[in-house]
Amino acid sequence: MTDDRPILFFDSGVGGLSVVAPTRALLPAARFVYAADSAGFPYGTRSEAEIAARVPALLGRLVERYRSRLVVVACNTASTIALPAVRAALDVPVVGTVPAIRPAAALSVTRVIGVLGTDATVRQAYVDDLAARFAADCTVLRHGSAALVGMAEAALHGHAVDPAAYAAVLAGLFDQPGGERIDVIVNACTHFPLVEAALAAAAPAGVRFVDGSAGIARRIAALTAGQDWSEPEPGVAVFTRLGRAEAALAPAFAARGFARIEAL
Ligand code: DGL
C-alpha cells in the first residue's frame, strides 16, 4: 500500500526552502508541504513568549490538515525557542534546525567563529550551550540581523539587493573586537543560505560559511528510511496570510516543486 502523507516544512517565510533543496535531493519520491507563517513574519524580532505560543498551535493545525508524517521546523528561531513545546504538541516525529556551531568549530583554524542569525536566535541560552559544548576553545561572536532576513525574502521575490547591504550586515560581526580573525560564519537562520553567494562575495577572502541543512536532510532521510511514498505529486505551499506579496512568490515556489499555493 502506498502512503500519501507528506513531510511538512515550516518557517516564518521562505527560509525553509534552504532545507527543502538538500532533502529533495536525498528523497526524490517524497511528498512535501511547505508552510510559511506569513501572518507572523518576521519571527526574529518577536519575543520568546510570542513564538512559544504561536508555533506549536500553528503546527498542530497544519499537521491535522495535511496529515503529515514528519515535521521539519526549518527555522532556527522557532527551533531554539519552541522545539520542546512543538514535540509535546505533535504526535509525529519533529526535526529541528539549530545553529551549526559544531561543524563551524571543526573547520575554524583561527578559532574565531561568527554566528549570524536573527536577534531572537542569537540571544538564546541554547546558543550559549552549543558554544560551550562544541566550541569551548573558540571565540564565538554573534550578530542578529533582521535586515538580512528581509534581503533574502527580497532575493526570492527577484528584487535586486545592493551588495553594500551584505557588507553592512557582515560588519556587525567583523567590527566586533576580535572579529577580524573570523574564518567561519554560521548561517544560523534558514533564510541566509539562500543568499550565501552574495554574503560570501561581500566577506573577506577565505571566510567560509556553514549551515545545518545537509545534516537536517540526512536526519529526515534516516527517519523516513524504508517508508512508502505514493505517486509523485506537485507539492503545496501554504501561507497563514495569502496576500499579493505571497502570491507573487508563486513562480519561486513552483521552481522548487511547490506548484500549488493556498491559505491556511
Ligand atoms: N528563517 C528563520 C530562522 O531560521 C527566521 C526568519 C524570521 O522570521 O525572522 O531563524
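Whatever order the structure lists them in is the order used to number ligands and atoms, beginning at 1. Numbers here are sequence positions counted from 1.
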Salt bridge (charged side-chain N to carboxylate O under 4.0 Å, His left out) between R67 and D4, worked out: CA-CA 9 Å; R67 299 178 49 252; D4 64 359; 3.4 Å; yes
Kindly confirm or rule out a cation-pi arrangement of R24 over F258, judged by NZ or CZ under 6.0 Å from the six-membered ring centre and within 45° of its axis? yes
Please identify each residue that fulfils salt bridge (Lys or Arg N to Asp or Glu O under 4.0 Å) with E262, with sequence neighbours left out. R65, R260
How many angstroms lie between CZ in F192 and OG in S18, if you round to the nearest 0.5 Å? 10.5 Å
Those protein residues which place at least one heavy atom below 4.0 Å from ligand 1: D11, S12, F41, P42, Y43, G44, C75, N76, T77, T118, V149, C189, T190, H191
In residues 210-219, what donor-acceptor pairs under 3.5 Å come from side-chain atoms, sequence neighbours left out?
from : atom 1 : to   : atom 2 : distance (Å)
D211 : OD1    : S213 : N      : 2.8
D211 : OD1    : S213 : OG     : 2.5

Give every donor-acceptor pair under 3.5 Å between a side-chain atom in residues 151-174 and any protein atom, sequence neighbours left out.
from : atom 1 : to   : atom 2 : distance (Å)
E153 : OE2    : V14  : N      : 2.9
E153 : OE2    : H191 : NE2    : 2.6
H157 : ND1    : E153 : O      : 3.1
H157 : NE2    : A245 : O      : 3.0
D162 : OD1    : A164 : N      : 3.0

